[in-house]
Number of protein chains: 2
Amino acid sequence: MDIQLKRGILDVCVLAAIKSKDSYGYRIIKDLKPYIELSESTLYTILKRLETAKMLTVHTVEHDGRLRKYYHITGEGIKRIEDFKEEWKEIMLIYKFVAKEDDTNE
Amino acid sequence: MDIQLKRGILDVCVLAAIKSKDSYGYRIIKDLKPYIELSESTLYTILKRLETAKMLTVHTVEHDGRLRKYYHITGEGIKRIEDFKEEWKEIMLIYKFVAKEDDTNE
DNA sequence: ATAGAATACATCATATCACGAGGTATTGTA
DNA sequence: TACAATACCTCGTGATATGATGTATTCTAT
């Protein structure tokens with residue numbers, strides 16, 4: 001998948017992955033794998049960014065002697081997903097323009 | 001519109017804008033305006049990139065004493081659009097994941 | 001006549017961001 | 001006893017959209 005095409009959707013994917021229940025880095029990557037692949041370096045960059053933007057909160061939990069940082073979505077995070085869905089309508093119009101121009105030759 | 005969301009689609013928009021008939025910078029911006037807004041600096045950067053990638057060719061034409069650089073799509077340019085449409089199927093699956101996670105709460 | 005908008009091109013510096021490479025540490029498995 | 005899996009993190013790099021800025025001509029309204 002083209003890197004550029006992933007931009008703008010990756011943030012929202014991560015938010016979507018933690019929306020129904022809190023999750024942690026390693027698990028998020030595995031959960032998203034069927035849909036979109038992202039490396040650990042990418043994910044932790046995104047998580048940090050989303051935390052700074054107050055779209056999620058973090059709480060560390062000890063699990064089997066190892067530390068896990070659980071991420072919890074905030075109201076702003078949920079709003080981000082909703083805004084994204086609105087913007088998606090515009091994106092679909094653009095896509096239709098591209099697809100139409102590709103089919104017809106006048 | 002979110003900048004990041006435009007990445008990966010802008011190139012293809014420009015290609016789509018010149019696909020049915022050759023066009024030039026200023027005209028491309030006007031033609032795309034109803035769908036997506038891009039500045040001149042952005043467009044000329046993209047045009048240069050697409051030319052380097054051999055997805056389009058350029059021929060300069062004098063028009064009313066002014067120079068116009070007409071851009072013509074190549075086979076590789078057309079292939080780029082087709083590849084994009086294939087990648088779009090993946091993007092739609094990702095979008096559905098995001099939208100689904102946004103609707104249901106289990 | 002003349003100022004300003006429109007047409008038409010271009011470059012440069014900047015900020016954002018995905019990712020590979022590399023690092024630390026523990027637990028499970030072959 | 002090595003290696004994979006789990007689980008976290010940082011840094012440098014490359015790609016790229018954009019504002020600011022510049023050049024030059026033609027059209028239009030005052």
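Remember, it's a predicted structure, so these values are computed and weren't measured experimentally. Convention: sequence-line order gives letters A, B, ...; per-chain numbering from 1.
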J.: So, is A:Lys6 near the phosphate of C:dC19, with a side-chain N or O under 4.0 Å from OP1 or OP2?
T.: yes

J.: Does D:dA15 have OP1 or OP2 sitting under 4.0 Å from an N or O in the side chain of B:Arg49?
T.: no

J.: Write down the distance between CG (A:Asp2) and P (C:dA18), rounded to a whole number of angstrom.
T.: 13 Å

J.: Run the numbers on A:Glu90 and B:Tyr35 for side chain to side chain contact (heavy atoms under 4.5 Å, CB included), then give the verdict.
T.: CA-CA 8 Å; A:Glu90 284 179 61; B:Tyr35 303 99; over 6 Å; no

J.: What is the distance from CD1 of B:Ile9 to P of D:dT16, rounded to the nearest Å?
T.: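 Interatomic distance, CD1 of B:Ile9 to P of D:dT16: 15 Å.
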
J.: How long is the line joining CG of B:Leu43 and P of D:dT16, in whole Å?
T.: 15 Å

J.: What does nucleotides 6-11 of chain C look like as a protein-contact string, B for base, S for sugar-phosphate only, - for none, at under 4.0 angstrom between heavy atoms?
T.: SBBBBB

J.: Are B:Tyr70 and B:Ile18 joined in one hydrophobic group, where the rule is that I, L, V, M, F, W and Y side chains link up if heavy atoms are under 4.5 Å apart?
T.: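 No; B:Ile18 is not reachable from B:Tyr70 via cluster members.
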
J.: Inspect the contact between A:Arg27 and A:Asp31 and indicate whether a charged nitrogen and a carboxylate oxygen are less than 4.0 angstrom apart.
T.: yes

J.: For A:Leu50 and C:dT16, give me the distance from atom CG to atom P, rounded to whole Å.
T.: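 It is 15 Å, rounded to the nearest whole Å.
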
J.: Using modelled atom types only, decide if a donor and an acceptor are shared between the side chain of A:Thr60 and the backbone of A:Lys69 within a distance under 3.5 Å.
T.: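 Not confirmed, A:Thr60 side chain does not pair with A:Lys69 backbone.
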
J.: Does B:Thr42 reach the main-chain N or O of B:Leu38 with its side chain, forming a donor-acceptor pair under 3.5 Å?
T.: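 No, B:Thr42 side chain to B:Leu38 backbone: no donor-acceptor pair under 3.5 Å.
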
J.: Could you state the atom-to-atom distance from CG of B:Asp11 to P of D:dT16 in whole Å?
T.: 7 Å

J.: Rounded off to whole Å, could you give me the CD1-to-P distance for the A:Ile46 and C:dC19 pair?
T.: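 Nearest whole value for this atom pair: 8 Å.
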
J.: How long is the line joining CG of B:Leu10 and P of D:dT16, in whole Å?
T.: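 Distance, rounded to whole Å: 11 Å.
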
J.: Can you tell me the distance, in whole Å, between the CD atom of B:Gln4 and the C1' atom of C:dC19?
T.: 14 Å

J.: Look at the side chain of B:Lys6 and the backbone N and O of B:Glu37, then say whether any donor-acceptor pair between them is shorter than 3.5 Å.
T.: yes

